[in-house]
Every structure is written in C-alpha cells, then in structure tokens.
2 protein chains.
Amino acid sequence: MKYPRAVALSSGEPPDTTPEPRPEGYNPSAFVPFAVTVDIVLMTVVERSLKVLLIQRGHPPYEGAWALPGGFVQPDEDLDSAAARELLEETGIGHERSRLLQIGSYGDPDRDPRMRVVTVAYGAIVARLSDVPRGGGDAAHAELMPVADVQGDRLPLAFDHRRIVDDAVDRLRADLETTSIAHRFCPPEFTIRELREVYEAIWQTELDSGNFQRKVTQRKGFITPTDRRVPPGDKGGRPATLWTAGEPEGAE
Amino acid sequence: MKYPRAVALSSGEPPDTTPEPRPEGYNPSAFVPFAVTVDIVLMTVVERSLKVLLIQRGHPPYEGAWALPGGFVQPDEDLDSAAARELLEETGIGHERSRLLQIGSYGDPDRDPRMRVVTVAYGAIVARLSDVPRGGGDAAHAELMPVADVQGDRLPLAFDHRRIVDDAVDRLRADLETTSIAHRFCPPEFTIRELREVYEAIWQTELDSGNFQRKVTQRKGFITPTDRRVPPGDKGGRPATLWTAGEPEGAE
DNA sequence: CCAAAAGTGTTCGCAATACACCCATGT
DNA sequence: ACATGGGTGTATTGCGAACACTTTTGG
C-alpha cells in the first residue's frame, strides 16, 4: 500500500500521532470524521442545448430523484484522481476525453440526511455523445438532461445538486470567455459553426457568424485549419473547413 | 444526423469497465473517514505590497515553519461558517470586516503526514491593518508576510500551503478585474490613490493615475464621492477626495 | 516662484459590432 | 436561377493607453 498512514483511521478515533496542545487548530479532540465524496457535473452540448449527465437514484434518500454521479474518495487517492475514477466508472469516459476542473466544495451539515458528507464537485466537458453513457453496471439510469430544465425547476435534483449545477454552469460560462475550453465540446475535427453553436448553447445567445469566424480564427493558438472540408447539408451551401484545436504543428 | 462524421466515440474504450457493482457510489463499505479542515488565506495590502497572514508552527510536523491559519470543521457547522469561525478565533476579525470566498479543496493523500486530511481553502480580504492580528490564545506567532516572499521561495510554507497561496493569489488577481472586491482592501473611506495602489500591489504593475481615475469613477455603482477631502502630504499637492464603496445612498 | 499630487481633456489605435457582400455548393 | 450556408470586407463605435494639461496645495 502506497500511503500506509492514511488507512489506519477508524471512524471516530482521533489520530494517535498528534498529541498537540493547540486549542484552536489541530487539536485531535476537535477531529471529527467526515465522509468525503466527489460529484461530477459532466456537461456536453447536444442539439444546440447544454446538457448535464444525471443518474436516477434507485435508493433512499431521494429515491427516484435525479442526481449527479459521484462517489467516495478512496483512502489512497487524490481528489482529482477520485473524480477521474468516478467519471470512468460511471460513464466509461477516460481522462483523454475529458478534463476535470474543480468547481467547489459543499459541506452543509444536513446536506445528506444519512451522515456528514463533504463533497468536492468537479466539472467535466465532453464532445457531443450520440449515446447516453451507461452507469457502472448497476440498474442506475443515466441520462443527459437539459441544464435549462434543472435551472428552470422543471427537474428537481437530489441533495444540493441543483446548486452545484448552478455553480458549474456559472463557471463554465465565465471560462468560455477567458479560456480555450470551448473546443472540448467538439470532436477532434470540427467546423466553426459547431464551435459557434457551443457558445450559443451555453450563453443562450445568437452570435454573428461572420464576426465569430474572424474572432476565432484570428486569435492565435486557438484553432488551426486542416485541408479537409465537410460536404454541405441537404439544402446546399459552401463546404465548411474542418479545424483542430490549438497551434499548428510546428508553430511558435 | 447532420454531420455524420461525428466519430468522436470511435476512440472510446468499451464501456464495459464495470469493476464494481456499486450503486451510484454510496455503498457504505466504501466509506472512509477523513478529517476536514478549513484554511484561511487572509490577504491585505500594506505599504504597497500584498501580504498574507501566516502562523509559525510550534509543533511537528513542519515545526517552526510558517503555515496558513485554519482548523477542523466542527460536526454541526457549514464549511463557510467554519472558515468564518476560524478567522475570528485566530485573528479576531469578524464577518463584517471581511468576506470569505472559497478558493478550492486540497486532498492529496500525503498532504498531512499525520492523517488523511482534506482542507477547504478560503480567501479573505481585509483593509490595511496597523497591528498584526494575534493568534487565539496560544503561543502561535502570527504575522503578515509578503506574498512575494512566499512565491519567490524565500519563505517556504508547511504542507501544501504554498500551492494554496498561489491559487488564492491567482484568483484574487482575476477577481480584481471582474468584480468589485478591490475596495475591501481599503478602509470605509478612501482616496482613489489608495485604491489604485491596491491594484498596483496585487498586479505588480504601475497604472496611469489619470486613466485609473476615470475608469473607476465612470464605472457606476463602484464608488461614490463624499464631500470630504484629505489634506495633502508634506510636499504639497491638491487635496484628494474621499470616496466610499458602492452606489450613492438613494440611487438605483 | 517651483514641486507635487489630484483630476480633466485630447488623441490614437485596437477590437467589437453591424451588416453588406462574395464564394461554393444542392435542387 | 435560386436558396443555403461558409467566409470576407468595411464602416462605425466604444474603450483603453498614452500623455499633455489644469487645479490646488506646501515650501
């Protein structure tokens, strides 16, 4: 075992290695066992609308309600690793297809009626999926649901997951402007239209296609063109260039 | 489907990765007790330089090293409340003088050699303090130290607190641009020069005083003038207007 | 008078917006 | 020919940077 001292804890026992007379800080008498979980807000854009992956609970509390996927942090793993593992276990999505970013932690004493749980929420972004990822082998029903339904109170969530989703979406909207995460909603090769529809779905606005084109192509290091095109749709139109994320191969 | 080359799933692993028959992660057998703490990154600007409040540890591990103030979350309190309580206990600063914002959570299995601890870091901002806040009754030595010394490796910190400080400062620098938190570094009434020096200290730049004046006065809801002035210094100069944060009294 | 600090005006360049226009395809 | 969507050109506007300038004080 890699981290031996971490496993020695049994619930409720103060750690024997800390005989410290510190009243305010690490006094072991103040030690209280918590359960620590990670919850995943997996987001994707399907059909021009932002979706979040939810799991229908099969047991109380909140039986039948929809909730975020997640689970306990294991004794020997980092928070980030726990989030990556849970994502893989519950959706089959590995780290190469999604990058996790921490949203925040939630620890209201009564957020879980069974015990004291602090959860660390992670946001994950994946390219549009044709299939709904399945849960990890149990009967749990996993589905991509519209964020608008959650935020419009048409789809109540278990625990404080509504608030977590709100925070994740807020963060996403802000990051979309300042970072280059938008292309994570797209497959490896994508058209500028697809990229624009990601912004439009998340910001709930319409963007001028011409200006978007310029903005996104001029911003260097953001996307690079391939020499491939996409045939137009049924109703015609000029073929669109396919682009990839990031710098051109030998550049900068 | 419109763009049939949506082959994004082709690289995907078979989703049969179902090592555990765990119902959505809440299998009680997976429960592992953790200690949960809060750490406070209390920041202030003194003498045109950004400082962080540190406490010198009196016991192992990291005896003698500087660390962030913090402590255990109690069984019946929210994370935010725990942070506010710790701040009050260790510095005497109440919630009316500072607002806490969550920075992130840190849970490396070996971040604390004594036991498995997950900490939730909070940032706090206070107006310039003439005195160093004192610790909460024990012999712990508390002092405001330059952030530059921490980030320049001249002042190593205990645990992973260096990284927490880095994250808090990054967040602060970003929030300074997008939110109105800057005036929290100032007393209730302040001059525009004081406000500018906050930005300059945190961003480590020099700002044009004239442009700053306009920007900050034109942005509505940000600051409002009082009818009071501040006498100039020894070397003369025009008296500066005193301003307060926020909207004028009866406005909007 | 000069120095110093507060505060205003003026100009320039860039970047976002609006929107006209051209390009390449399907029917 | 016409519709449709990809992509470019162009005029306008607003904002930030640079910096000259005015105002109000102390010496």
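Lettering follows sequence order; numbering is per chain, from 1. Just so you know, these numbers come straight off a predicted model, no measurement behind them.
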Practice problem: Begin from the C-alpha positions of A:Asp166 and A:Arg162 and carry the test salt bridge (charged side-chain N to carboxylate O under 4.0 Å, His left out) through to its verdict. | Solution: CA-CA 6 Å; A:Asp166 284 349; A:Arg162 160 70 192 274; 3.1 Å; yes
Side-chain donor-acceptor pair present, A:Tyr106, A:Asp39, cut-off under 3.5 Å: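 No, no side-chain donor-acceptor pair sits under 3.5 Å.
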Out of [options], which nucleotide sits closest to the side chain of [X]?
{"X": "B:Pro232", "options": "D:dT24, D:dG26, D:dG5", "result": "D:dG26"}
{"X": "B:Arg193", "options": "C:dA16, C:dA6, D:dT8", "result": "C:dA6"}
{"X": "B:Asn211", "options": "C:dA5, D:dA17, C:dA18", "result": "D:dA17"}
{"X": "B:Arg214", "options": "D:dG16, C:dC19, C:dT10", "result": "C:dT10"}

Q.
Any non-hydrogen side-chain atom of B:Val126 less than 4.5 Å from a side-chain atom of B:Leu53?
A.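 Side-chain contact under 4.5 Å: no.
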Worksheet item: Between B:His183 and B:Glu194, is any pair of side-chain heavy atoms under 4.5 Å apart?
Response: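 With C-beta onward as the side chain, the pair stays apart.
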For this session: Would you mind classifying the nucleic acid contact of B:Ser209 as base, sugar-phosphate or nothing, using non-hydrogen atoms under 4.0 angstrom?
Result: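 Nothing: the residue B:Ser209, judged by heavy atoms under 4.0 Å, touches no strand.
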[X] side chain N/O closer than 4.0 Å to the phosphate oxygens (OP1, OP2) of [N]?
{"X": "B:Arg238", "N": "C:dA4", "result": "no"}
{"X": "A:Thr217", "N": "D:dG7", "result": "no"}
{"X": "B:Thr191", "N": "C:dA6", "result": "no"}

- prompt: For DNA chain D, whose closest nucleotide is more 5', that of A:Pro239 or that of B:Asp208?
  reply: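 The residue closer to the strand's 5' end, by nearest nucleotide, is A:Pro239.
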Report task. Specify the residue among B:Trp243 and B:Lys235 whose closest nucleotide of DNA chain C lies further upstream toward the 5′ end. Result ->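 Its nucleotide being nearer the 5' end, the pick is B:Lys235.
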TODO: Could you state the atom-to-atom distance from CD of B:Glu194 to P of C:dG7 in whole Å?
DONE: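 One finds 12 Å between P of C:dG7 and CD of B:Glu194, rounded.
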